[in-house]
K.L.:
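Provided herewith is a single structure, encoded as structure tokens, for subsequent inquiry.
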Amino acid sequence: MDSVDRASNSPVVVAIDGPSGSGKSTVSRAVAARLGLSFLDTGAMYRAMTWWMLANGVDVEDAEAVAVACGKPVIVSGTDAAGPTITVDGQDVSGPIRGPEVTGKVSAVAAVPAVRARLVELQRGCASHAERGIVAEGRDMGSVVFPNATVKVFLTASERARAERRAAELRAKGVDEATITAMAADLARRDAADSSRRTAPLTQAADAVLVDTSELTLDQVIDTITALVEQKAGLTAA
Ligand code: DC
């Protein structure tokens with residue numbers, strides 16, 4: 001398999017952006033696995049930074065305190081699509097970063113420009129070390145981090161479809177209905193915050209392909225994006 005962007009001769013970068021619950025992580029990881037590319041979940045990096053701030057008693061509502069502290073944690077993302085990892089100062093934080101404390105505070109931390117500057121640098125570093133190219137997902141992959149990405153996708157789904165999917169996931173895990181309702185409200189609040197912040201808000205890059213997943217199955221979305229990458233980058237599935 002060839003993983004060099006035939007048009008530019010540089011490694012393939014697939015930038016996937018979209019709101020929470022659009023299916024970005026699952027889809028991006030599956031596309032990366034199919035095409036033999038690395039995978040980077042940049043939301044996990046913002047979550048890891050937030051986890052460290054909370055663990056170290058930094059007031060995450062104080063943007064200046066967050067900016068001063070954000071150079072301290074060593075955040076490392078393992079980009080193997082078969083088993084992505086995330087560590088902070090050598091500690092595996094993949095579990096705690098998905099908990100309600102971090103989820104409730106991550107938008108505030110992600111809005112701080114110094115945090116974004118630091119993590120964008122790490123994200124570009126991951127891409128430059130990816131052997132065969134990378135699928136990177138987040139909110140500003142196509143608009144800010146990888147403006148020259150080989151392929152840019154903006155994944156969306158109606159608010160209702162996103163809320164229903166998230167509720168089904170939670171129900172399958174045995175979460176009670178009151179918690180599901182509270183989590184839906186939190187998701188809407190987070191999307192509003194991520195879309196309205198000053199620095200790198202969630203936005204569709206001008207040259208991104210819009211894929212609305214509301215009426216598609218997961219496999220259909222994965223097939224659509226894999227085909228798009230194959231076509232644009234001259235790649236074929238592994
Ligand atoms: O995708 P996620 O829910 O794990 O993202 C966690 C938070 O990080 C979310 O509030 C948006 C923010 N984020 C961001 O600002 N920029 C990115 N590239 C990725 C995530």
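Both counts, for ligands and for their atoms, begin at 1 and track the order of listing. Every value quoted in this text rests on a predicted model; they were computed, and no experiment measured them. The chain is numbered in sequence order, starting from 1.
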K.L.:
With a 4.0 Å cut-off on N to O distance, would you call Arg34 and Asp223 a salt bridge?
P.N.:
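Answer for the salt bridge query: yes.
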
K.L.:
Indicate yes or no: does Lys24 engage Asp41 in a salt bridge with an N to O separation below 4.0 Å.
P.N.:
no

K.L.:
Strictly by modelled atom types, are Ser25 and Glu137 linked by a side-chain donor-acceptor pair under 3.5 Å?
P.N.:
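Side chains of Ser25 and Glu137: pair found under 3.5 Å.
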
K.L.:
Name all pairs fulfilling the salt bridge (Lys or Arg N to Asp or Glu O under 4.0 Å) condition that reach into residues 195-218, sequence neighbours left out, sorted by first residue then second.
P.N.:
Lys152-Asp207, Asp194-Arg197

K.L.:
Looking at Glu164 and Arg160, does any basic side-chain N land under 4.0 Å from a carboxylate oxygen?
P.N.:
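So Glu164 pairs with Arg160 through a salt bridge.
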
K.L.:
Using a strict cut-off of under 4.0 Å between a residue heavy atom and any atom of ligand 1, list the qualifying protein residues by chain and number.
P.N.:
Thr42, Gly43, Tyr46, Arg47, Arg98, Val106, Ser107, Ala110, Arg116, Gly138, Arg139, Asp140, Met141, Arg190, Asp194, Arg197

K.L.:
Would Ser20 and Arg139 count as having a side-chain donor-acceptor pair, cut-off 3.5 Å?
P.N.:
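Ser20 vs Arg139: donor-acceptor pair found between side chains.
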
